[in-house]
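Sequential numbering from 1 along the given sequence is applied to the chain's residues.
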Amino acid sequence: MHLSGPLSGRWTAYLGLISTLSGVITPAVAVKEHDFKKCAQSGFCSRNRALADHVLSTNSWSSPYSILPESGSFKDGQYQAVVLKTINDNGDTVRLPLTVSFLESGTARVTIDEEKRQKGEIELRHDSKARKERYNEAEKWVIVGGLTLDKEAKVDFEDKSQLTVKYGPTSNFEAVIKFAPFGIDFKRDGVSQIKFNDQGLLNVEHWRPKIEKPAVENKDTSEGEQNQEDKEEEKKEEEEEPKGEDESTWWDESFGSNTDSKPRGPESVGLDITFSGFEHVYGIPSHTGPLSLKTTRGGDGSYSEPYRLYNADVFEYILDSPMTLYGSIPFMQAHRKGSSVGVFWLNAAETWVDITKGKDSKNPLSLGIGSKTSTHTHWFSESGLLDVFVFLGPTPKDLTAKYGELTGTTTMPQEFALGYHQCRWNYVSDEDVKDVDRKMDKFKMPYDVIWLDIEYTDDKKYFTWDEHSFRDPIGMGKQLESHGRQLVTIIDPHIKNTDNYPVVAELKSKDLAVKNKDGNIFEGWCWPGSSHWIDAFKPAAREWWATLFKYASFKGSMENTWIWNDMNEPSVFNGPETTMPKDNLHDGNWEHRDVHNLNGMTFHNATHHALKTRKPGELRRPFVLTRAFFAGSQRIGAMWTGDNTAEWGHLKESVPMILSQNIAGFPFSGADVGGFFGNPDKQLLTRWYQAGAFYPFFRGHAHIDARRREPYLMGEPYNTIIAGALRLRYSLLPSWYTAFHQAHVDGTPIVKPLYYTHPDEEAGFPIDNQFFVGNTGLLVKPVTEENKETQDIFIPDNEVYYDYFTYNVVASGKAGKTVTVAAPLEKLPLLMRGGHIFPRRDIPRRSSQLQKWDDYTLVLTIPKDGKHAEGELYVDDGDSYDFEQGQYINRRFVYDGAAKTITSVDKEGRDTKSVKQGEWLKKYNGVRVDKIVVVGAEEKVWGKKTEVDVVDESGKGAWKAKVEFTPADKAAGRASFAVIKRVGASIGSDWKVEL
């Protein structure tokens, strides 16, 4: 959230005040791209890029890193050795402990440390209190499983030059570890997939003392200038003097008005990682730009800057850029037909990634004929360990599953969180909130959550209410609660530094705040003005934070109050790049530079923990939205793409951004519908609601200076169209919840790009403007261009596709075909792939909680060959953790064309009768299948049917259900369809429909 554009008078005065007080504040209205570093302005980035330039421009380069062979040992799935870095012509070396771990899952892990720092045998400058080691605690925050060593892994070959280890579930993976120069070739089935240090760009900046150079003596001349002879002599001496390394950013580094003291000196780690034979790489969110990542070394269609991973408050961000945004997940996947592989770079410091591509050919005379493209990536982080996990696939699903095993899968959300969220900065009073609530009902627009931005507080003091505007927050909460709705309030990590505010007094007295480089409490500026920041790395701080959310402490909050964590990169208005100085100190005296990208996740985690403990015995799933995130944040809550703008380009970019989040393991993601900044016209806002209905996280939001744009204010025909998009979302909530459960179980994306669903259809690999929803077979391509009334949809297979709304057959036959569908403003392009069964609810309700006991409709799309279709439904109470004790329904629906049956069985093969039913599960026995819609029903099977037999497989009998058949309309292109009415089977039971 940031200021922009014409400001209200109170905000203009406010920013003027704090600018006057601080003298160094850069107001958000002035934030531009130049307020954030480019690679040339980052010392370690420019050094690593310069190394790459030098290495790749010479044929004589040999990497100075080699394994000391006699140091190596292999035991129980782990290889340990010492890598020697030769640092000068005298042959002096630095010892770098190496560990290569082979895990039971088939994942490999490569870690390089630095012995001198590891042992604390270095000297810090400026009497710094910072830790001497390289940061080694990222694993504690990020990794939750999957680290069991593969004791079946074995050395397959070893000589004086290399070692080969066979590993993996079927021992078809191998790592060829080359000793000199050091490098690793990861293979699957004997074919190279990923190579480390193949280009020789490994770089571990070792500790060295700063040697003060003597000051240059100024020569005095009568005219104040050196004579020409002196100048020429000095120039000659300068040219003859060995240049050495550029130390200009080793010991301190300035950007703007801020200087980083860098007490440990240069300490970056870098490595080139080659994806052999892979042209497409994906992941490393969050950035704008295409899903298939661009190259970064200039040229047509390429970036000239590396992708940057450094969580920052970048408001009104630019499009199609590798510039850093609010969150970072350093997980990259490479894909080609027949193979998917990936790497996870476990480092929480500022990180940059360069990408280049090149043709590989064994025959130098082939001129590229028959050669394959490889993608070369170059990763470098400012500090910490070199710690990389390697995934050898072979499928996209394997990658997300193995990554999920390591870092955790998406949290199982409360059901309300999948509904529509209505937000703006700011609703001005509790009466304003209640009025919006009433009008959403009046205009028949379903929603679940209304949000409050910072203006609800008393003068930006969190855990308080403005007593003039929000006089009765309990009354407000109760009105929402009366029809199943929720309230979200914003609480950020900056705590107002002011008198008579118990929260900041306790933060100080309990010593729970982030410290500056001198070990004193850090003071910076954010929305409240002078502020301090909770250090959520500190266990005591997290426990204290939890006490603030108790209902008795946060007065006015209720059981339907949830939390939004914003500004947690952290955003510091007068800090370098609008964030915290890198030499600040966190728990354990780790520098902020070491943990920056983790910071937002630790705060998000503290709030999540707080909501789970705010009342004894209240075991409910929390809802906490975050702006900043890192690998592992998916275990905690949802994210959104930050402060976007009401422009068509931002709507268009939102789709690949959300797809990138999904494949990178954080699928509970969305973008501000309508754009945060600016005023969308009615067409743009309408199209954005249609797209937003297919974001996993669906929220409308607006800036304080934007015109009011609640969806009911648009007038006709826009109100009706937007209401239709909202109702479409709510009717499909059972399918969304099922997709979330699958993501929770195994890390599967909730919305899936074509390369993920059709990994052998090469034409689909770069496509990022259409996607499938879960396992439903629903294919969506939102309209993201102005005045467009048709949409071209790529069909990735030979299956039949039906229009969701009309049942028209839009494709049947050839894979790789593009079809054009009508897309007037009132119509979202939404297709159903043949061969699927998906659940929905057809009775319009005002919120998800009011439809939780409604019966289901199943939609069955007959496949092209008429033989087989299947789908699934997962449902639980949508609120508690009782699902972990078996209190859930998980069904698999199967259509068998040969047997002419539709069946429902437990997806996991459980004996559901043995599950002791709690209160919710008992009540859910009364929820039924209302009807089954069969799209593409064959006339020879269905044409003369008026009823079918329904059999309850649990022994509760059989009965008839009526059938209505509608023949195909060949002129209109509509498929035939049938509706089995009032099926009556319990949704949680085994049953069969006999045709």
Side-chain angles (χ1 to χ4, degrees), residues 140-141 411 414 451-452 454 456-467 470 473-474 476-477 486-515 521-523 526-528 530-568 570 586-588 598-626 628 633 635-637 879-881:
K140 181 177 76 174
W141 289 98
T411 183
Q414 292 209 35
W451 293 52
L452 294 177
I454 53 176
Y456 80 92
T457 63
D458 174 17
D459 199 25
K460 311 300 181 298
K461 299 193 290 283
Y462 298 116
F463 307 101
T464 69
W465 299 84
D466 183 319
E467 63 182 14
F470 290 87
I474 294 294
M476 175 181 64
Q486 318 291 318
L487 177 72
V488 168
T489 63
I490 195 169
I491 292 183
D492 295 342
H494 48 259
I495 305 300
K496 184 180 180 74
N497 182 27
T498 187
D499 295 333
N500 302 315
Y501 181 29
V503 174
V504 78
E506 287 187 11
L507 180 76
K508 293 177 180 179
S509 66
K510 294 177 183 291
D511 192 26
L512 303 176
V514 177
K515 308 278 183 69
I521 188 169
F522 170 69
E523 180 184 4
C526 205
W527 294 121
S530 173
S531 302
H532 301 306
W533 275 256
I534 177 176
D535 184 4
F537 287 89
K538 186 172 289 190
R542 298 194 297 274
E543 292 307 314
W544 169 75
W545 190 245
T547 67
L548 303 180
F549 289 85
K550 306 289 186 184
Y551 296 121
S553 300
F554 187 9
K555 296 184 186 302
S557 66
M558 294 174 52
E559 287 83 352
N560 65 338
T561 305
W562 309 98
I563 301 299
W564 169 18
N565 287 160
D566 197 359
M567 314 296 283
N568 54 332
H586 289 272
D587 184 51
L598 272 173
N599 185 85
M601 185 173 86
T602 66
F603 182 65
H604 192 199
N605 173 70
T607 304
H608 180 268
H609 168 69
L611 292 187
K612 288 177 74 172
T613 59
R614 57 184 173 176
K615 180 181 177 181
E618 186 184 63
L619 301 176
R620 303 177 65 201
R621 302 173 221 168
F623 174 78
V624 190
L625 180 74
T626 186
S633 290
R635 304 188 304 264
I636 306 168
D879 182 81
S880 76
Y881 289 95

N/O donor-acceptor pair under 3.5 Å between [X] side chain and [Y] backbone:
X      : Y      : result
Lys508 : Ala505 : no
Trp465 : Lys555 : yes
Lys460 : Cys526 : no
Lys550 : Thr613 : yes
Asn560 : Gly477 : yes
Arg621 : Ser880 : yes

Check your understanding: Which of parallel (below 30°), tilted (30 to 60°) and perpendicular (above 60°) describes Phe554 and Tyr456?
Key -> tilted
Hey, what's the ring geometry for Trp451 with Phe623, parallel, tilted or perpendicular (30° and 60° as the breaks)? perpendicular
Working to the nearest 0.5 angstrom, can you tell me the gap between [X] [atom1] and [Y] [atom2]?
X      : Y      : atom1 : atom2 : answer
Arg542 : Asp535 : CZ    : CG    : 9.0 Å
Ser557 : Leu548 : OG    : CG    : 11.0 Å
Ile521 : Lys515 : CD1   : NZ    : 8.0 Å
Thr464 : Phe470 : OG1   : CZ    : 11.5 Å
Asn599 : Ile534 : CG    : CD1   : 10.5 Å
Lys615 : Glu559 : NZ    : CD    : 5.0 Å

[X]: what forms a side chain to side chain contact (heavy atoms under 4.5 Å, CB included) with it, not counting sequence neighbours?
X      : result
Thr607 : Trp545, Phe549, Ile563, Asn565, Phe603, Val624
Glu523 : Asn497, Ser530, His532
Thr498 : Lys461, Lys496, Tyr501
Ile474 : Asp472, Lys478, Met558

Show the nearest heavy-atom pair for residues [X] and [Y], with the distance to one decimal.
X      : Y      : result
Ala628 : Gly600 : CB-CA, 3.9 Å
Val503 : Phe463 : CG2-CD1, 4.2 Å
Pro622 : Leu611 : CB-CB, 3.7 Å
Pro502 : Asn500 : CD-O, 3.8 Å
Ala610 : Ala546 : CB-CA, 3.5 Å
Tyr881 : Lys612 : OH-CE, 3.6 Å

Those residues at least two apart in sequence (or on a different chain) that pass side-chain hydrogen bond (donor to acceptor under 3.5 Å, both in side chains) with Asn605 are none
Those residues at least two apart in sequence (or on a different chain) that pass side-chain hydrogen bond (donor to acceptor under 3.5 Å, both in side chains) with Tyr551 are Arg614, Glu618
* **Residue pair Ile454, Trp564: steps toward the side-chain contact (heavy atoms from CB on, under 4.5 Å) verdict** => CA-CA 10 Å; Ile454 53 176; Trp564 169 18; over 6 Å; no
**Report entry** Pro570 vs His494 side-chain heavy atoms within contact, under 4.5 Å
**Finding:** no
Trp562 and Leu625: CA distance, side-chain angles, deciding distance, side-chain contact (heavy atoms from CB on, under 4.5 Å) verdict: CA-CA 9 Å; Trp562 309 98; Leu625 180 74; over 6 Å; no
